[in-house]
Amino acid sequence: MINVSVAKIRRAKRCAKDEMLGTDMEQYHHLWSYAATIRETNPGSTVKIKLDTAEEGSQGTFQRLYYCLYACKQGFLDGCRPIIGLDGCFLKSAFGGQLLSAIGRDGNDNMVPIAVAVVEVERYDSWKWFLELLMADLGLGVENIPWTFISDRQKGLVHAVNELFPNSEHRFCLRHMYQNFKQKFKGKELKDLFWAAASVGNEVDWKLAMNSLEKASKDAAEWLQKVPSVLWSRSHFRQSSKCDILVNNLCESFNNYILEARELPVIGMLEWIRRRLMQRIQVKRTGMQKFQGKICPNIAEKIDRNLKFSRLCIPTWDGKNKYEIDCGPRKSVVVDLKEKDLHMWLFPAYRENYLKTYEHTITPVPSNKYWVRCEEQPPKPPAVRRMPGRPKKIRQRAADEPKKGQVSTRKGLVVTCKRCFQPRHNSRTYKNAIHPNSKFYKAPDTNVAESSSELHSSAPSPIPVSGTTSLAKGPLRPTVADVLYNLRSKKARRC
């Protein structure tokens with residue numbers, strides 16, 4: 001029973017958020033205390049703050065923050081495969097900025113957040129600063145195996161990875177790579193050939209796929225060959241990571257996972273992430289302890305799917321450890337089992353190491369009333385970077401990408417008529433003749449036409465109807481009902 005404007009409700013909502021979380025400026029003043037409290041309550045965690053100081057001894061301006069919890073870091077080192085996804089996303093608070101993230105992959109193919117960093121903008125020096133701190137926490141690899149990185153080729157990231165991790169493999173996300181490919185080379189045929197060249201598992205099939213692409217479009221094959229195959233083709237990936245993923249979907253999932261937190265001030269966002277990860281670790285650990293299977297559910301599903309495909313394969317044993325497998329017409333491969341069955345071939349992360357990923361816990365943190373008091377001078381908030389136009393809340397999707405909550409659409413595709421087989425119109429608006437190969441085409445029956453003509457020629461002439469035109473020379477004459485029907489049809493078309 002109260003009449004209030006939308007603007008007043010918006011201001012009241014903002015005041016309520018400030019009352020619960022504190023204003024954006026206040027949170028920057030408490031950054032030193034918050035960082036000290038995280039390190040005290042969660043020993044082994046890393047929280048680094050970088051300030052932009054014009055003069056030594058003056059109050060600095062906040063520039064960057066690195067945030068890595070011990071439970072996430074150690075869980076990744078203990079139980080995950082040596083592959084790390086790197087990505088960045090925009091922050092939507094009053095001061096903006098970007099959030100860089102490093103995401104691992106557990107034994108059930110789910111995301112494992114390792115570390116995040118709040119930076120002013122995504123560029124070479126910000127990525128290098130983030131990767132240097134990540135290298136200090138994780139090292140250059142695990143068990144003499146260098147890390148494998150997968151990214152979307154962000155600004156300055158490729159150069160930073162090559163500089164800091166020279167022995168690591170760096171893959172490009174194929175989905176983002178295809179977005180650049182289709183801007184020049186469109187069509188479903190080229191799309192299928194592009195993904196086929198990237199998905200094959202050996203170099204022989206890769207060469208055949210590239211030859212097929214070159215036959216379809218020489219320019220498309222040349223464009224793809226300019227990018228080294230070790231960056232995007234599964235057939236050229238190293239086997240040390242025990243992971244053959246082609247897309248960086250886990251980082252995209254994490255960006256969507258923290259979508260609500262990206263609108264909060266800096267400490268509110270980090271606390272939102274910490275609490276969600278604290279709950280996520282507990283749920284994952286409890287769920288797997290109750291699970292009765294020896295293999296994680298997602299991996300077991302993949303094995304069952306491959307077992308169905310294996311029914312079409314015929315093995316021939318050599319008497320020791322090797323088999324020659326006939327996979328189809330004129331195709332056979334050699335498999336070396338080394339005295340292990342299918343389940344024993346699995347990487348340890350699929351079984352016992354999964355629980356090691358979620359063995360460590362994130363300790364709760366009290367409210368700011370009980371935080372550690374620091375003597376450092378509080379930093380000033382960063383300068384507000386206003387972009388032109390209204391701030392966007394939703395990510396812009398590609399023309400052929402389905403909208404949120406919808407399945408894939410035909411937007412951006414060229415339709416083809418099923419009647420005349422011509423492009424850019426459908427069967428309801430066709431104007432050309434029906435193509436002989438169309439399902440709507442009906443060939444004239446010569447036998448019926450001949451018998452009909454003989455019947456009409458031998459039949460007596462019908463009695464003329466008044467008001468109609470005589471068609472004595474033809475085999476048929478229109479009736480009154482035909483004339484009335486034609487008149488009604490002409491009036492309907494005019495309307």
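Since this is a predicted model, take the numbers as computed values, not measurements.
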Report the residues that fulfil salt bridge (Lys or Arg N to Asp or Glu O under 4.0 Å) with D78, sequence neighbours left out, ordered by chain and then residue number.
none
Residues two or more places apart in sequence or in another chain: which of them pass salt bridge (Lys or Arg N to Asp or Glu O under 4.0 Å) with R262?
none
[X]: which residues meet the side-chain contact (heavy atoms from CB on, under 4.5 Å) condition with it, sequence neighbours left out?
| X | result |
| --- | --- |
| P364 | M278 |
| H170 | F149, S151, V158, V161, F172 |
| Q225 | M210 |

With under 30° as parallel and over 60° as perpendicular, where do the rings of F95 and Y28 fit, or are they tilted in between?
perpendicular
Kindly assign one of parallel, tilted or perpendicular to the pair H30 and W371, based on the angle between their ring planes and the thresholds 30° and 60°.
perpendicular
With Y34, which residues qualify under side-chain hydrogen bond (donor to acceptor under 3.5 Å, both in side chains), at least two apart?
Y67, E271
By side-chain hydrogen bond (donor to acceptor under 3.5 Å, both in side chains), Q282 pairs with (sequence neighbours left out) T286
Taking only residues two or more places apart in sequence, or in another chain, which ones meet [X] in a ring-ring contact (aromatic ring centres under 6.0 Å, His included)?
| X | answer |
| --- | --- |
| Y70 | H360 |
| Y124 | H159 |
| H236 | W206 |

Qualifying salt bridge (Lys or Arg N to Asp or Glu O under 4.0 Å) pairs with a residue from residues 361-375, counting only residues at least two apart or across chains
none
Can you tell me which residue pairs pass the salt bridge (Lys or Arg N to Asp or Glu O under 4.0 Å) test with a partner in residues 162-173, sequence neighbours excluded?
K128-E163, E169-R171
